[in-house]
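Below is one structure, written out as C-alpha cells; comments come after it.
Every heavy atom of this structure was used, including side-chain atoms; hydrogens, water molecules and symmetry mates were not. Naming: A, B, ... by sequence-line order, numbering from 1 per chain.
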Amino acid sequence: MCGRYAASRSPEDLVEEVVATGLPVAPVAATDRAALRPSFNVAPQQQVAVLVAPRPPEGGGDAPDPAARLRALRWGLVPSWAKDPAVGNRMINARVETVTGKPAYRSLVGSRRCVLPADGWYEWQAVPKERSGTGKARKQPFFMAPPDGGLLGLAGLYSWWRVPDVADPDDPAAWLGTVTVLTTDAEPGLRAVHDRMPVVLPAEHWRRWLDRDVPGPEALALLADLPTGRVVPRPVQPAVGNVRNDSPALLAPPAAEELVGVVDPTTGELFA
DNA sequence: CCAGACGTTGTT
DNA sequence: GTCTGG
DNA sequence: CCAGACGTTGTT
DNA sequence: GTCTGG
C-alpha cells in the first residue's frame with residue numbers, strides 16, 4: 001500500500017499552501033529546512049515533511065502557540081521503548097481498523113497525530129505472467145493523485161523521544177522523531193491497482209486531527225466516511241521502483257508496450 | 001512467572 | 001527466502 | 001514500496 | 001511500555 005509517494009513542494013511552498021487552507025503554520029526551522037528536500041520518490045527510512053500540532057504551552061498558564069509546525073521526521077515508526085531502531089523498517093504503515101489495539105501505535109492515537117503533505121502516492125499493480133506478453137510476472141506502478149495537482153494530507157502518527165545514549169540534548173542525534181502512515185481499504189476507483197490506500201484527510205479536518213485536546217476516539221471518527229474520487233490513478237514509469245530515480249519524468253505515461261496485461265483501473269479492462 | 005514481540009503487504 | 005538500503 | 005544483497009579478515 | 005505465548 002503506501003510505501004512510496006511524491007512530495008515535490010518546497011517547505012516554503014508547503015507552508016504557504018497549508019496556511020491558505022486556514023491552518024496557521026510556523027516558519028520552518030533552519031535545522032529542518034535542510035532535511036525537507038522536495039522529492040518525486042519518497043521512500044521509507046527517509047526524512048519526510050510532517051505537519052504536527054502546535055507547541056503545547058510551556059511552563060504554566062501561557063497560551064499555546066496556535067501555529068502548527070512542519071517538521072522533518074524519519075518514515076518508519078520507532079516506539080520509545082525500542083532497543084533497536086531497526087523496528088522502524090517494518091512500521092511504515094498502521095491499519096486504521098486496528099491501530100487502537102496495537103502496542104506499537106495505541107499510545108500515539110491520543111496525542112501524536114500528524115499530517116504528511118503529499119502530491120500523490122504510488123501503488124504497484126501485479127501483472128500475472130500469463131497476461132504480460134513476456135511471460136514474466138511484472139509490476140506496473142501507478143500514481144494516485146488529484147488531477148488538478150492539489151495538495152494531499154496523509155493521516156499519520158509519530159513518535160518523538162530522547163535517545164538516552166546521547167548526553168548532549170542539543171545534539172541532533174539526541175532526539176529520534178519517526179512517523180507512520182495510516183492505511184485503510186482502497187476506495188472503489190483504486191481497487192484494480194491495490195486493495196489498500198493511505199488515509200487521505202481533507203484540509204478542513206487537519207486542524208482537529210492535529211489538536212492534542214481532541215481525544216483519540218473523536219479524532220479517529222474524523223477518518224470515517226471520508227470523501228472519495230478526489231484521487232485518480234494513472235500509470236507511470238517503472239523506473240519509479242528504484243528510489244535513486246527522482247525526477248518529474250517518473251510521472252510520464254509509459255509506452256503502450258509497457259502496459260501489456262495491465263488493467264486500466266478506470267475501466268476494469270486491459271489497456272489496449 | 002519470564003521471554004519475546006511490538007507491523008503490513010502480498011503470494012504461491 | 002528474508003533482510004537491509006534507499 | 002522496490003532493488004539488491006545474502007561474508008570475513010584486516011587495513012587505512 | 002504492554003501484551004502474547006509458552
Side-chain angles (χ1 to χ4, degrees), chain A residues 1-7 35-48 72-112 116 118-132 136-145 152 154-164 176 178-186 190-199 216 233 235-247 250-251 254 258 263:
Chain A
M1 44 82 25
C2 194
R4 209 75 77 78
Y5 67 95
L36 298 179
R37 309 306 308 162
S39 173
F40 288 91
N41 208 344
V42 180
Q45 314 312 324
Q46 296 174 351
Q47 296 288 118
V48 301
L73 301 181
R74 188 173 186 264
W75 187 8
L77 195 119
V78 180
S80 57
W81 39 255
K83 293 183 185 72
D84 181 357
V87 298
N89 292 338
R90 307 193 298 263
M91 305 224 188
I92 65 170
N93 294 133
R95 294 175 67 96
V96 72
E97 301 93 331
T98 56
V99 71
T100 56
K102 299 295 182 183
Y105 299 138
R106 194 181 38 192
S107 65
L108 307 174
V109 174
S111 61
R112 297 288 198 181
L116 294 85
D119 307 341
W121 71 92
Y122 300 100
E123 302 283 9
W124 280 259
Q125 181 186 99
V127 181
K129 60 179 173 217
E130 63 272 17
R131 254 200 256 136
S132 66
K136 292 178 187 167
R138 294 196 310 107
K139 286 190 165 188
Q140 171 60 44
F142 285 74
F143 188 53
M144 319 300 205
L152 297 178
L154 311 183
L157 301 173
Y158 71 100
S159 177
W160 178 256
W161 48 277
R162 184 75 172 78
V163 178
L176 185 60
T178 56
V179 63
T180 192
V181 176
L182 292 171
T183 68
T184 188
D185 275 331
L190 306 180
R191 281 180 199 153
V193 180
H194 197 77
D195 63 348
R196 302 288 294 173
M197 65 179 272
V199 176
V236 292
Q237 295 294 316
V240 75
N242 191 325
V243 300
R244 282 180 265 244
N245 298 321
D246 180 7
S247 92
L250 294 173
L251 300 180
E258 294 276 5
V263 174

Q: Determine which bases of DNA chain C form Watson-Crick or G-U wobble pairs with both distances under 3.5 Å, and write the result as a 5' to 3' dot-bracket string with | for other-strand partners.
A: ||||||
Reckon [X] touches a base, only the sugar-phosphate, or nothing at all at heavy-atom distances under 4.0 Å?
X	result
A:Y5	nothing
A:A126	sugar-phosphate
A:D195	sugar-phosphate
A:T98	sugar-phosphate
A:A82	nothing

How about [X] and [Y]: do any of their side-chain heavy atoms sit closer than 4.5 Å?
X	Y	value
A:E123	A:L190	no
A:R4	A:N41	yes
A:L251	A:Y122	yes

Q) With respect to A:L77, which candidate in A:L108, A:I92, A:V179, A:V87 satisfies the side-chain contact (heavy atoms from CB on, under 4.5 Å) definition? A) A:L108
Q) Pairs in or reaching into residues 82-91 of chain A: which pass side chain to side chain donor-acceptor pair (under 3.5 Å), with residues at least two apart or in two chains? A) A:Q45-A:N89
Q: State whether a side-chain donor-acceptor pair under 3.5 Å links A:R138 with A:S132.
A: no
[atom1] of [X] versus [atom2] of [N]: gap in Å, rounded?
X	N	atom1	atom2	value
A:R196	D:dC1	CZ	C1'	15 Å
A:N245	C:dG6	CG	P	15 Å
A:W161	E:dG1	CH2	P	12 Å
A:N93	D:dC1	CG	P	7 Å
A:W81	B:dG4	CH2	P	15 Å
A:R90	C:dT2	CZ	P	13 Å
A:Q46	D:dC2	CD	P	15 Å
A:F142	D:dC2	CZ	P	14 Å

On a whole-Å scale, what distance lies between the [atom1] atoms belonging to [N] and [M]?
N	M	atom1	value
D:dC1	B:dT9	P	8 Å
B:dC6	D:dT8	P	26 Å
B:dA5	C:dT4	P	14 Å
D:dA3	B:dT11	P	13 Å

For the side chain of [X], starting at C-beta, report the closest nucleotide among [options].
X	options	answer
A:I92	D:dC1, E:dG1, C:dG6	D:dC1
A:A43	B:dT9, C:dG6, B:dT11	C:dG6
A:W124	D:dC2, E:dG1, E:dC3	D:dC2
A:R95	E:dG1, C:dT4, B:dT8	B:dT8
A:R244	C:dG6, B:dT8, E:dG1	C:dG6

Q | A:Y158 side, atom OH; A:T178 side, atom OG1 - distance, nearest 0.5 Å | A | 10.5 Å
(Q) Can you tell me how far apart CH2 (A:W81) and CH2 (A:W161) are? Round to the nearest 0.5 Å. (A) 10.0 Å
Would you list the protein and nucleotides 5-7 of chain D atom pairs, both N or O, that sit under 3.5 Å from each other?
none

Q. How close do A:P85 and A:R74 get, heavy atom to heavy atom, and via which atoms?
A. O-NH1, 4.4 Å
Q | A:C2 backbone acceptor or donor facing A:N93 side chain under 3.5 Å | A | yes
Q: Kindly say whether A:A192 contributes a backbone atom to a donor-acceptor pair with the side chain of A:Q125 at under 3.5 angstrom?
A: yes
